[in-house]
2 protein chains.
Amino acid sequence: MSSTTRKPRLAEVAKLAGVSPGLVSRILNGDPTVRARPETRAAVLSAIEMLNYTPHPSARALRNARTGLLGFALHHVNDPIYAEMVHRAQSAAARRNFSIILLNTAELAERGEAFRNIVLGRRLDGLLIQSGFGAGEDVLHEIARTVPSVVFSANPTPDMRTMRLDDARAAATATQHLIDTGHTSIAYVGAPGVSSERRFEGYRSTLAAAGLPWLPAVNGGWTADEGHEATVRFLGSGAQVTAIVAVTATTALGVHSGIVASGRRIPDDVSLVSVHDTWYARHLNPPMTAVTLPLGDLGALAVAELIDQIDTPRAGETIVADPEPLLVVRGSTKPIQA
Amino acid sequence: MSSTTRKPRLAEVAKLAGVSPGLVSRILNGDPTVRARPETRAAVLSAIEMLNYTPHPSARALRNARTGLLGFALHHVNDPIYAEMVHRAQSAAARRNFSIILLNTAELAERGEAFRNIVLGRRLDGLLIQSGFGAGEDVLHEIARTVPSVVFSANPTPDMRTMRLDDARAAATATQHLIDTGHTSIAYVGAPGVSSERRFEGYRSTLAAAGLPWLPAVNGGWTADEGHEATVRFLGSGAQVTAIVAVTATTALGVHSGIVASGRRIPDDVSLVSVHDTWYARHLNPPMTAVTLPLGDLGALAVAELIDQIDTPRAGETIVADPEPLLVVRGSTKPIQA
DNA sequence: CTGAAAGCGCTTACAG
DNA sequence: CTGAAAGCGCTTACAG
């Protein structure tokens with residue numbers, strides 16, 4: 001049982017190799033000033049190997065004021081869009097010997113104590129923050145100013161590196177597709193938070209530019225269940241739209257089922273476009289037309305960006321990425337006069 | 001800019017309160033032998049408050065040989081079932097002042113180096129391991145023996161605390177539902193790994209017990225895309241089944257779309273039951289009948305169990321939880337003679 | 001070029 | 001009951 005064997009320390013490696021602890025440390029960290037004889041170096045390396053030595057991260061962290069830990073503050077880990085993002089962020093971090101700690105935005109925003117304990121208390125090296133999904137985000141932004149951070153947000157936030165997602169443009173792309181295929185009566189199902197407001201604005205302005213009427217946002221929330229309820233209510237109240245733009249992939253799924261539950265057909269009676277594409281979109285019946293934003297890539301990019309920032313601090317508002325939204329046409333939309 | 005202000009140390013709190021560092025530490029940690037005068041204690045507390053003091057976790061970790069970090073090794077964070085589990089595990093951990101670090105099983109199994117650096121190197125206090133989904137898991141089990149762990153698995157693994165999911169029973173419940181509603185020609189769409197094999201066995205034995213024929217598992221993989229391809233091939237090859245049991249929620253979605261793509265109707269031509277229920281099941285068209293296993297609860301429970309185990313080590317194979325699979329009947333199944 | 005020593009910020013036996 | 005001191009395992013200026 002190796003479970004009872006204590007882990008070897010640097011000093012033991014040094015003793016075994018017949019050198020000082022300092023030298024082992026220097027070799028381990030690739031100190032360029034080290035000019036140890038090849039056989040000395042080999043002895044150190046083989047001692048490390050022999051003892052299966054691994055440096056103690058807490059000791060290192062204490063010395064270096066670096067934990068190798070990145071926090072990822074999310075509203076919904078179980079949102080497929082962000083799950084993918086987390087997944088990619090984790091891989092990118094691991095490749096650079098960082099680890100990702102999961103943080104819950106709601107918990108953080110609610111309990112100042114949690115924020116203090118976990119974010120400040122853990123001495124995280126950096127923070128990724130999903131923003132724009134609700135109230136209480138001021139707290140998060142405050143945190144973001146005390147530690148290197150990348151914020152995923154529609155609004156470039158002053159004094160913060162933000163990874164911009166062009167919400168408005170994505171919604172505009174979705175809306176334009178519907179206009180291009182002859183729809184003139186188009187609704188938007190949204191959710192609370194700035195992100196949705198921006199998408200609504202993309203929807204509204206695109207319709208306005210085309211000289212078409214727009215409707216106030218139908219409040220659907222960020223989940224499929226909420227999207228479903230909102231859609232059933234909306235269509236049940238006699239709304240005569242021929243097309244809907246949904247704020248995100250989860251909500252869109254609920255809108256999808258809500259349209260069906262209301263006894264209308266997709267796309268014959270109502271066309272549907274989702275902002276955000278995800279793995280399940282193509283498996284729906286009918287498959288969901290969607291606007292792709294490469295959030296997985298952004299997750300990886302944000303980690304790279306964040307680690308760079310930790311190494312060489314830079315301040316200020318920076319738009320790091322701003323990918324072009326891509327339309328993927330599937331079965332949930334069809335031209336109005338077809 | 002508080003970003004430049006150094007964080008206060010224990011010693012500074014002590015100075016401000018006019019006591020020794022040791023006493024502050026004792027008060028902070030609720031040492032029961034402390035009998036400080038109320039005003040002394042108050043002075044300490046208010047000094048902490050005033051400086052917004054937070055103990056340095058690396059210093060503590062170094063002293064206590066405890067990091068407060070739990071690793072969660074997963075195959076697919078973006079699988080909705082496990083995303084939910086991670087979410088709940090995170091909450092449960094946060095409540096006990098532990099943090100969850102995301103680990104990728106595939107990376108761990110592939111690169112021994114990653115395993116060494118991250119799992120041993122990080123000195124994680126404990127490990128949650130999703131098992132049964134592929135090859136190379138021996139490495140994981142080896143790790144699990146060196147640090148307090150809880151393994152999610154069908155098979156209680158020797159020398160490990162395992163949180164058992166009764167895969168076989170869940171699949172049996174799904175299959176029995178189909179038998180009860182008159183189906184006699186039922187297929188199973190599976191995936192690689194022990195988990196799926198166990199579910200297959202549940203399927204097979206239930207049919208056998210009913211005197212009905214069973215088919216070899218259709219290999220669908222753990223994703224919707226794979227489930228889709230496998231189903232299209234399977235049905236395209238002229239299979240005459242009237243019902244399918246799918247290994248998990250993601251695969252089931254692909255089977256769903258695969259049936260539709262093959263020109264058959266759900267449930268009129270083919271009924272479909274998913275092992276595992278998830279948030280999107282009810283939003284499909286038609287909604288998916290599923291067998292619920294409370295994986296979210298298990299995630300939370302596993303964390304509690306793990307932390308207990310860290311506090312008071314216990315060894316050996318233990319079946320920690322074994323919830324009853326619950327059938328949720330929705331629109332994707334219907335009686336054969338209806 | 002390498003070794004000895006101090007110190008990162010805690011906690012806790014040991015004295016008093 | 002509380003303080004002074006040692007030590008957790010590293011890293012790195014400082015000597016040599």
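Remember, predicted model here, so these are calculated numbers, not experimental data. Naming convention: chains lettered A, B, ... in sequence-line order (proteins, then strands); numbering from 1 in each chain.
- Straight-line distance from the CG atom of Leu28(A) to the P atom of dT2(C): 16 Å, rounded to whole Å.
- At least one side-chain heavy atom of Leu10(A) sits under 4.5 Å from a side-chain heavy atom of Tyr53(A).
- If you take atom C1' in dG16(D) and the same atom in dT12(D), they sit 16 Å apart, rounded to whole Å.
- Rounded to an integer number of Å, the gap from Arg123(B) CZ to dG9(D) P is 9 Å.
- A donor and an acceptor atom, one from each side chain of Ser149(B) and Arg161(B), are nowhere located under 3.5 Å apart.
- Rounded to an integer number of Å, the gap from Asp31(B) CG to dT12(C) P is 8 Å.
- In this structure a side-chain-to-backbone donor-acceptor pair under 3.5 Å is present from Thr67(B) to Arg123(B).
- In this structure, NZ of Lys7(A) is placed 16 Å from C1' of dC10(D), rounded to the nearest angstrom.
- Comparing the P positions of dG9(D) and dA13(D) gives an interatomic distance of 23 Å, to the nearest angstrom.
- Note: CG (Leu10(A)) to P (dT2(C)) measures 16 Å, nearest angstrom.
- For the residue pair Ser99(A)/Arg122(B), the side-chain donor-acceptor check at 3.5 Å is satisfied.
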Evaluate side chain to side chain contact (heavy atoms under 4.5 Å, CB included) for Ile101(A) paired with Leu102(B), printing each intermediate quantity in order. CA-CA 7 Å; Ile101(A) 283 191; Leu102(B) 244 30; over 6 Å; no
Taking N or O atoms only and anything under 3.5 Å, show me the protein contacts with nucleotides 3-6 of chain C, one pair per line.
from	atom 1	to	atom 2	distance (Å)
dG3(C)	OP2	Ser20(A)	N	3.3
dG3(C)	OP2	Ser20(A)	OG	2.7
dG3(C)	N7	Arg26(A)	NH2	3.2
dG3(C)	O6	Arg26(A)	NH1	3.2
dG3(C)	O6	Arg26(A)	NH2	3.2
dA4(C)	N6	Arg26(A)	NH2	3.3

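- Within 4.0 Å (heavy atoms only), Asn29(B) reaches sugar-phosphate atoms of the nucleic acid but no base atom.
- Going from the P atom of dA5(D) to that of dC1(D) covers 23 Å, rounded to whole Å.
- For the pair Leu62(B) CG and dT11(C) P, the interatomic distance rounds to 11 Å; values are reported in whole Å.
- Within the 4.0 Å cut-off from OP1 or OP2 of dC10(C), at least one side-chain nitrogen or oxygen of Tyr53(B) is found.
- Side-chain atoms of Gln130(B) come within 3.5 Å of backbone N or O of His75(B) as a donor-acceptor pair.
- Partners of Asp79(B) by side chain to side chain donor-acceptor pair (under 3.5 Å), not counting sequence neighbours: none found.
- Atom CZ of Arg66(A) and atom C1' of dG9(D) are 19 Å apart (whole Å).
- Residue Ala59(B) has its side chain nearest to dC10(C) when only dG9(D), dC10(C), dT11(C) are considered.
- In DNA chain C, stems built from 3 or more consecutive Watson-Crick or G-U wobble pairs, each with both distances under 3.5 Å, span C:1-3 with D:14-16, C:5-12 with D:5-12, C:14-16 with D:1-3.
- Applying the salt bridge (charged side-chain N to carboxylate O under 4.0 Å, His left out) test to residues at least two apart or on different chains, the pairs with a partner in residues 8-17 of chain B are Arg6(B)-Glu12(B), Arg9(B)-Glu12(B).
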Contacts table for residues 24-34 of chain A: side-chain donor-acceptor under 3.5 angstrom, sequence neighbours left out:
from	atom 1	to	atom 2	distance (Å)
Ser25(A)	OG	Asn29(A)	ND2	3.4
Arg26(A)	NE	Gly22(A)	O	3.4
Asn29(A)	OD1	Arg60(A)	NH2	2.9
Asn29(A)	ND2	Ser25(A)	O	3.0
Asp31(A)	OD1	Thr33(A)	N	2.8
Asp31(A)	OD1	Thr33(A)	OG1	2.8

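- For Asp308(A), there are no side chain to side chain donor-acceptor pair (under 3.5 Å) partners two or more places apart in sequence or in a different chain.
- When the C1' atom of dT2(D) is taken as reference, atom CZ of Arg41(B) falls 13 Å away, rounded to whole Å.
- Nucleic acid contact for Asn64(B): sugar-phosphate only, since backbone atoms but no base atoms lie under 4.0 Å from a heavy atom of the residue.
- For Arg60(B) and dC10(C), the shortest distance from a side-chain N or O to OP1 or OP2 is not below 4.0 Å.
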